[in-house]
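Below you'll find the structure, written out as structure tokens, and then a few comments.
Note that the structure is predicted; figures quoted are calculated from it, not measured. A note on names: the letters A, B, ... follow the listed sequences, proteins ahead of strands, and every chain is numbered from 1.
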Amino acid sequence: MEQIRRTKITDLLKTTETGQIVNVKGWVRTKRGNKQVNFVALNDGTCIHNLQIVVDVPNFDESQLKRITTGAAVSINGEVCASTGSGQAVEVLAKEIEVMGDCDVDKYPLQPKKHSLEFLREIAHLRFRTNTFGAIARVRHAMIFAVHQFFTQKGFLNIHTPIITASDAEGAGEMFKVTTLDLDNLPRTEEGDINFKEDFFGKATNLTVSGQLEGELAALAMGEIYTFGPTFRAENSNTSRHLAEFWMIEPEMAFYDLNDNMDLAEEFLKFLIKYALDNCLDDLKFLSNRLQEEEKGKKAEDKTMELIEKLEFVLSNDFIRLPYTEAIDILKNSKPNKKGKFKYPIDGFGSDLQSEHERYLVEKHFKKPVILTDYPKDIKAFYMKQNEDGKTVRAMDVLFPQIGEIIGGSQREENYDKLYNRMTEMEIPAEEMWWYLDTRRFGSVVHSGFGLGFERLMLFVTGMGNIRDVIPFPRTPKTAEF
RNA sequence: UCCCUAGUAGCUCAGUUGGUUAGAGCGGCGGACUGUUAAUCCGUAGGUCGUAGGUUCAAGUCCUACCUGGGGAGCCA
């Protein structure tokens, strides 16, 4: 076979020029045709579209053509032609075909037909080869790039915070233990506890649940920083919005108060959504069509807004900013509350909002993203800036339709005494957190930050319903295959 | 972790008040067709009914436990 430099399908489909001889490599999606002519739909992962390969059957060996099955990897030299069919502008007329990797159709689980997302989740090693998961992988990459671009343009520094941490004080969730101790023969102290002094780090260590505390250390020297890394929660959460291993973006900014923080969060989310619309439109259109198909059977009232329309809607509307106490008033006077429709009725200040309440505010009352602020201090973390009323803290949660909380953040408590007292009240071991408290002893300053769950963003941008489908290899309770 | 729900062919599902030999569509394979778009038409193979117990003359169907998936809740991002 003549050696020709490979052309990527995404580039080839953009050409209007015909007559040139090219090489394409990829995986066969479908083959159809008759004794005279075969049509092979070829995909190489570079875009959602397939390239149509036209095979004049008499020009090729029958046994070779038999090997061109769904899933097979092929390399093709051929001529770029204007297509006489209606589905595509250009196609490639095959001159030489090499089957690089055969694919036994009796054993290959992906068939040229629609598969359920649940089934594909069981074959996550192969689901990249489907249109849906190919599109998601490309959008995910674009979003990763956009995160770095946004912060770089704004002069933020990317900080790598540790994955292994000795602090378990933040209380963000149950942690995964990290150890090299022999689990069948654990060293004990005289009191009978496990002796972590003999462990690798000489103390008990865990996988991080947040890079925030270390991020604050950097922000209080570098000004504006962000982290973007893996985060681990050992909670036994079995929902479509939680993962045991997920990626989080945590900006932390010196000299920002809560309003600056909200401004940044809103600008950031809009930047990411616009980036997706500007750079991933083909993939988003595919995902949108997929959703429309799925919703065909649904009642009008259950149907959601079309994906691209929804993304543009978020771009063109200001987020509602609402203090917790006002949200409680709205909910208290709402129809579902008065009619007893809420499973958890609103009785007044102090209780945390349930999913049903957040959804009512976002999806029914305001019908746009909502930032709730100034929550009761008792339901929020120790490091949040205490308000003068003594009851609330300068927290903010950004709530999105369908997915709920996409961002959680706050202005941080910069006053040493207030922070130390709050830690004592909440029984957080201040002596282990000496390094964190030091920032409040030496040149402390107003600062703020937030955390964005990257997969939650992906849910919103792709319109997917289950978080396990927007990360390549999901980690959830009882599942760590692949 | 709690509540609800499901597990039958490679995939998606049907299977009546428990009753003879478990069905369909898609996919596969074979054939037909000179340009198809998840092609179409004809034919064909393919099942230890999630696992383990139990009830019964008889269990895919009823009961119990467990496993796994899905939806919801809590925890949160």
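When each of A:I21, A:V22, A:V54, A:T7 is tested with A:V92 by the rule side-chain contact (heavy atoms from CB on, under 4.5 Å), just one qualifies, namely A:V22.
Regarding A:L459, its CG atom lies at a distance of 15 Å from the P atom of B:A77, rounded to whole Å. Atom CZ in A:F400 sits roughly 21 Å away from atom P in B:C76 (whole-Å rounding). If you take CG of A:L452 and C1' of B:A77, they are 8 Å apart, rounded to a whole angstrom. Note: OH (A:Y375) to P (B:C75) measures 12 Å, nearest angstrom. For A:L269 and B:A77, the CG to P distance is 15 Å, given to the nearest whole Å. If you measure from atom NE2 of A:H242 to atom P of B:C75, you get 9 Å, rounded to the nearest angstrom. A:Y108 places its OH atom 13 Å from the C1' atom of B:G10, with the value rounded to the nearest Å. Taking atom CD on A:E235 and atom C1' on B:G74, their separation rounds to 10 Å, with Å as the unit.
Among the protein residues, A:L243 comes within range of the nucleic acid bases, having at least one heavy atom under 4.0 Å from a base atom. Heavy atoms of A:N38 sit nowhere under 4.0 angstrom from any nucleic acid atom. Contact annotation for A:Y344: backbone-only contact, meaning every heavy-atom pair under 4.0 Å involves sugar-phosphate atoms and none involves a base. Note on A:I407: only backbone sugar-phosphate atoms sit closer than 4.0 angstrom, heavy atoms only; bases stay farther off. Using a 4.0 Å heavy-atom distance criterion, A:R121 is classed as a sugar-phosphate-only contact. Among the atoms of the strands shown, only primed sugar atoms or phosphate atoms (P, OP1, OP2) are found under 4.0 Å from some heavy atom of A:K478.
Neither OP1 nor OP2 of B:A38 sits under 4.0 Å from any side-chain N or O of A:N131. A sub-4.0 Å separation between OP1 or OP2 of B:A77 and a side-chain N or O of A:S237 is absent. The shortest distance between the side-chain N/O atoms of A:S240 and the OP1/OP2 oxygens of B:G72 is below 4.0 Å. For the OP1/OP2 pair of B:G72 and a distance below 4.0 Å, the side-chain nitrogens and oxygens of A:R241 include no atom meeting the criterion.
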Working for side chain to side chain donor-acceptor pair (under 3.5 Å), residues A:Q411 and A:H447
CA-CA 6 Å; A:Q411 187 176 326; A:H447 65 289; over 6 Å; no

A:K385/A:L258 under side-chain contact (heavy atoms from CB on, under 4.5 Å): CA gap, chis, key distance, verdict
CA-CA 9 Å; A:K385 173 77 180 166; A:L258 189 64; over 6 Å; no

Apply side chain to side chain donor-acceptor pair (under 3.5 Å) to the pair A:Q149 and A:Y275, showing each step before the final yes or no.
CA-CA 10 Å; A:Q149 189 176 60; A:Y275 191 92; 4.9 Å; no

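Not less than 6.0 angstrom separates the ring centroid of A:Y436 from the ring centroid of A:Y383. A:H357 and A:Y344 have their aromatic ring centers separated by at least 6.0 angstrom.
Every residue two or more places apart in sequence or in another chain that forms a side chain to side chain contact (heavy atoms under 4.5 Å, CB included) with A:A204 is listed here: A:F196. For the side chain to side chain contact (heavy atoms under 4.5 Å, CB included) test, residues two or more places apart in sequence or in another chain that qualify with A:N77 are A:M1, A:E2, A:I4, A:N23, A:E96. Residues passing the side chain to side chain contact (heavy atoms under 4.5 Å, CB included) test with A:C103 are A:T69, A:A72, A:Y108, sequence neighbours excluded.
For the P atoms, the distance from B:U48 to B:G54 is 22 Å, rounded to whole Å. Atom name C1', nucleotides B:A58 and B:G18: the rounded distance is 8 Å, in whole Å. If you take atom C1' in B:G7 and the same atom in B:G60, they sit 11 Å apart, rounded to whole Å. A gap of 15 Å separates the P atoms of B:G71 and B:U12, to the nearest Å. Only the C1' atoms considered, B:U68 is 22 Å distant from B:G74, to the nearest whole Å. For the P atoms, the distance from B:A59 to B:U40 is 42 Å, rounded to whole Å. Look at the P atom in both B:U64 and B:A6: the space between them is 14 Å, to the nearest Å. Of the C1' atoms belonging to B:C26 and B:A65, the separation is 36 Å, rounded to the nearest Å.
Of the candidates B:G70, B:G74, B:C76, the closest approach to any side-chain atom of A:E118 belongs to B:G70. For A:R468, the side-chain atoms get nearest to B:G70 when compared with the rest of B:U1, B:G70, B:G74.
For B:A77, the base is not stacked against the aromatic ring of A:F454, per a cut-off of 5.5 Å between centres and 30° between planes.
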How would you summarise protein contacts on nucleotides 27-37 of chain B per nucleotide, using B for base, S for sugar-phosphate only and - for none, with heavy-atom distances below 4.0 Å?
SSSS-SBSBBB

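Remark: A:K341 fails to qualify as a cation-pi partner of A:Y360 under the 6.0 Å distance and 45° angle criteria applied to the six-membered ring. At least one test fails for A:K31 against the ring of A:F39: distance under 6.0 Å to the centre or angle within 45° of the axis.
With respect to the salt-bridge test (charged N to carboxylate O, under 4.0 angstrom), the residues A:D282 and A:K14 do not qualify.
Between the side chain of A:D374 and the backbone N or O of A:R394, no donor-acceptor pair lies under 3.5 Å. Between the A:D44 side chain and the A:I9 main chain, a donor and an acceptor come within less than 3.5 Å of each other.
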Could you provide the dot-bracket string of RNA chain B, using ( ) for intrastrand pairs, [ ] for crossing pairs and | for bases paired to another strand, with Watson-Crick or G-U pairs below 3.5 Å?
(((((((..((((.....[...)))).(((((.......))))).....(((((..]....))))))))))))....

What N/O pairs connect the protein and nucleotides 45-47 of chain B at under 3.5 Å? Give each pair on its own line.
none

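Place A:K31 and A:Q354 on RNA chain B by their nearest nucleotides, and A:K31 ends up nearer the 5' end.
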